[in-house]
Amino acid sequence: MKMSKLMAPTLRQTPAEAEVVSHQLLLRAGYIRRSSAGVYHYLPLAHRVLQKITQIIREEMNKADGQEIVMPVMQPAELWAESGRWHVYGDELFRLKDRHNRDFCLGPTHEEIVTDLVRNDIRSYRQLPLLLYQIANKYRDERRPRFGLLRGREFIMKDLYSFDRDEEALDRTYQSMYHAYSNIFKRCGLTFRPVEADAGAIGGTGGTHEFMVIADSGEGAILFCHQCDYAANVEKAESALTETVSPQEPLDMLTVDTPEQRTIEEVSNYLNISPSEMIKTMIYRADEEVIVVLIRGDHQLNEVKLANLTQALDLELASEEECQQISPGGQGFLGPQGLGALKIYADKEVMKMTRAVAGANERNKHVVNLCPGRDFQVTIEADLRMVEAGEACPKCRAPLEEARGIEVGQVFKLGTKYSTALGCTFLDEKGKEKPMVMGCYGIGVSRTMAATVEQNHDEVGIIWPMSIAPYQVIVVPLSYKDEQQREIAEKFYQNLLQQGIEALIDDRDERPGVKFKDADLIGIPIRVVIGSKAIKEGLVEVKVRKTGEQHNITVEEATNKVMALIEQGFKNT
RNA sequence: CGGGGUGUAGCUCAGUUUGGUGGAGCGCCUGCCUUGGGAGCAGGAGGCCGCACGUUCAAGUCGUGUCACCCCGACCA
């Protein structure tokens with residue numbers, strides 16, 4: 001491809017709208033342009049990268065017996081009503097009506113429609129397992145699209161759905177997908193980590209893993225152990241219970257004055273105690289029910305764990321007004337004692353306390369020597385806290401480490417949630433009708449491209465891994481006007497093309513500096529410069545973008561060198 | 001959805017306080033010159049100052065409304 005004809009509008013300055021580095025560089029290097037919030041054009045270079053990624057995905061999915069199909073983006077509301085998600089999914093679903101006033105939505109995910117497809121045509125255990133996948137645009141009306149391609153409203157996703165006869169067969173499918181995913185991200189040149197995760201709204205009964213690309217800009221936090229293989233999203237992470245320090249004998253509960261001392265920090269300072277000696281009392285509204293949640297003062301509540309425990313669709317911290325109706329002291333003076341018939345959810349660590357400090361349910365007063373089980377009864381005791389770095393690994397007790405990551409893929413065991421709701425059944429060898437056991441497996445394709453940039457860049461631009469670079473080589477004649485240089489460069493470029501190498505030639509009438517800056521910015525792995533040395537001494541310069549290694553060799557040797565470097569690039573990814 | 005911010009040339013941004021013929025740098029076009037890391041000179045094109053209504057002799061500038069975009073939070077297969 002000639003640079004003079006390539007639509008890659010590079011920018012010298014970073015557009016003000018971009019915050020994260022992948023967004024900045026993809027805009028600056030002329031890969032993407034914004035159409036509306038969270039919706040982007042993919043220009044030629046981006047399209048080539050996406051093609052590379054999807055090709056890798058196809059190969060690995062097909063190897064695992066996946067069959068590629070294309071399903072409708074526009075889906076009828078009836079199917080979503082059948083699964084119950086038409087009402088559950090909320091504002092995030094892009095909804096539309098046709099001219100007959102019938103309801104449709106733009107698919108944010110395809111469980112309903114694929115289950116509908118399969119239930120109509122698959123009847124026998126002989127046809128299972130069945131693995132169907134597609135690579136398509138997905139639509140989610142995010143409350144707040146951000147970070148460029150990392151959180152858009154329209155994005156490219158690969159989703160595969162598996163249909164098995166029983167849990168055991170699903171386990172095998174799940175394992176094979178897990179391995180396929182590892183291969184895919186490895187081949188894309190990413191540093192990633194599969195972690196145990198929460199199933200979220202998609203539901204399902206089995207396990208789930210997220211594939212996280214390690215990057216400081218990631219929205220997700222993960223905890224992992226480097227002594228064993230334990231790794232989990234913070235939403236899911238557990239830790240070995242802390243050692244019980246010789247429990248103190250309970251003392252009589254007393255009320256003390258704490259004028260205007262509301263937060264854990266204020267009260268612990270005022271009473272000269274540690275936050276770990278306090279009980280944090282929070283009032284939540286779980287759908288229509290008001291509940292009390294207790295956590296040790298120095299711990300953080302994990303709302304995902306609480307939501308899973310309560311099974312509430314809508315879980316929200318109660319307002320100040322609601323708190324005052326329950327406890328006259330209002331926020332800052334809440335305590336679990338004497339709250340009547342409200343359900344009390346307590347973290348396990350709270351139950352070990354014997355002389356705790358909590359609000360007195362009275363303004364400007366707290367109680368000391370509060371003892372769970374004696375002074376109040378707990379309805380449900382469970383792990384409700386956010387695990388922090390340094391705590392003991394639940395498997396091997398080594399200290400956990402924390403990292404941030406970008407979720408590029410997730411594998412789920414769905415079980416029979418959708419097959420039961422939609423009546424997707426088969427007959428087993430005994431002629432008995434059973435619901436299929438399903439799994440679903442997604443990869444954010446456009447997000448993977450952005451995540452790769454997050455992980456592979458320097459101060460001057462993108463550094464693509466060889467396997468997904470839009471072009472492998474860029475040929476730069478320093479002066480394309482110079483007839484000799486042009487001839488040598490063109491011949492060399494044609495030669496590369498004949499070898500099946502994906503090459504660009506910078507035939508623009510620009511100064512060398514401009515060409516170098518653009519080549520670095522768009523991140524082509526190998527650059528071959530042809531200047532006056534090529535004419536005088538027959539030497540060209542072959543430079544590797546990632547390492548900076550440079551070879552001054554003859555034009556004749558250069559093709560082989562380039563091929564060797566490409567091969568090496570593939571090996572390293 | 002709550003809080004904050006920004007809309008002026010393709011990009012980055014002055015100008016708005018105090019109303020009076022719309023600017024700079026970069027990019028773009030033409031010519032000269034230059035050619036190993038975003039050169040130089042000369043000339044040029046390009047703006048519904050987000051949109052609407054209002055105040056005024058006069059609005060980029062003041063008022064009201066509205067739309068878009070960005071950030072923080074909440075939320076998020």
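Using a 4.0 Å heavy-atom criterion, one finds that A:D518 contacts the bases of the nucleic acid, with or without backbone contacts as well. The residue A:R33 sits apart from the nucleic acid: no heavy atom pair falls under 4.0 Å.
Look at the P atom in both B:G50 and B:G15: the space between them is 15 Å, to the nearest Å. Using atom C1' as the reference point in both B:A45 and B:G38, the two lie 23 Å apart (nearest Å). Between B:C53 and B:G40, the two P atoms lie 45 Å apart (nearest whole Å). Comparing B:C76 with B:G37, their C1' atoms are spaced 44 Å from each other, to the whole Å. Using P as the reference atom, B:U55 and B:A59 are 12 Å apart when rounded to the nearest Å. Nucleotides B:G2 and B:G65 are separated by 16 Å at their P atoms, to the nearest Å. B:U17 and B:U6 have their P atoms separated by 15 Å, given to the nearest Å. The gap from the P atom of B:C62 to that of B:U16 amounts to 9 Å, rounded to the nearest Å.
Among residues at least two apart or in separate chains, there is no ring-ring contact (aromatic ring centres under 6.0 Å, His included) pair with a member in residues 515-559 of chain A.
To the nearest angstrom, C1' of B:C11 lies 6 Å from CG of A:L11. If you measure from atom CG of A:L521 to atom C1' of B:G38, you get 11 Å, rounded to the nearest angstrom. Counting to the nearest Å, the P atom of B:C76 and the CZ atom of A:F147 are 16 Å from each other. Atom P of nucleotide B:U34 and atom CG of A:D509 are separated by 13 Å, given to the nearest angstrom. Note: CZ (A:R151) to C1' (B:A74) measures 13 Å, nearest angstrom. Atom CG in A:N302 sits roughly 11 Å away from atom P in B:C75 (whole-Å rounding). Atom-to-atom, CG of A:L317 to P of B:G2 comes out at 18 Å; the value is rounded to the nearest Å. Residue A:K536 contributes atom NZ, which lies 12 Å from atom P of B:U35 at whole-angstrom precision.
You'll find the side chain of A:F94 stays beyond 4.5 Å of the side chain of A:P108, heavy atoms only. Contact of the A:P470 side chain with the A:I524 side chain is registered, since non-hydrogen atoms from C-beta on lie closer than 4.5 Å.
Of the two residues near RNA chain B, A:E19 and A:K533, the one whose nearest nucleotide lies more 5' is A:K533. Of the two residues contacting RNA chain B, namely A:E219 and A:G531, the nearest-nucleotide position lying further toward the 5' end is that of A:G531.
If you check B:C70, B:G38, B:G37 against the side chain of A:D520, the one that comes closest is B:G37. Here B:C72 is the nucleotide among B:U34, B:C76, B:C72 with the atom lying nearest to any side-chain atom of A:R144. Closest to the side chain of A:A16, out of B:G36, B:U12, B:C75, is B:U12. Of the candidate nucleotides B:G25, B:G37, B:C76, B:G25 has the atom lying nearest to any side-chain atom of A:Q13. Comparing B:C76, B:G37, B:G38 by their closest approach to the side chain of A:E142 singles out B:C76. Of all nucleotides listed (B:G36, B:A39, B:C28), B:A39 comes nearest to the side chain of A:V514. Among B:C71, B:U34, B:G38, the nucleotide with an atom closest to any side-chain atom of A:R28 is B:G38. Here B:C70 is the nucleotide among B:G38, B:C76, B:C70 with the atom lying nearest to any side-chain atom of A:E17. The side chain of A:R146 lies closest to B:C72, out of B:G37, B:C72, B:C69.
One cannot find a donor-acceptor pair under 3.5 Å joining the base of B:G38 and the side-chain atoms of A:E510. Taking only distance into account, the side chain of A:R508 never meets the base of B:G38 through a donor-acceptor pair shorter than 3.5 Å.
The pair A:D216-A:R404 fails the salt-bridge criterion, with no side-chain N (NZ, NE, NH1 or NH2) lying under 4.0 Å from an Asp/Glu carboxylate O. The residues A:E111 and A:R85 are annotated as salt-bridged, a charged nitrogen and a carboxylate oxygen being separated by less than 4.0 angstrom. Here A:E490 pairs with A:K2 in a salt bridge; the nearest charged N to carboxylate O distance falls below 4.0 Å.
Contact check, A:R34 against B:A68: no side-chain N or O comes under 4.0 Å of OP1 or OP2. In this model, the phosphate group of B:A39 is approached by a side-chain N or O of A:R511 to a distance below 4.0 Å at OP1 or OP2.
With sequence neighbours excluded, the residues that form a salt bridge (Lys or Arg N to Asp or Glu O under 4.0 Å) with A:E82 are A:R119.
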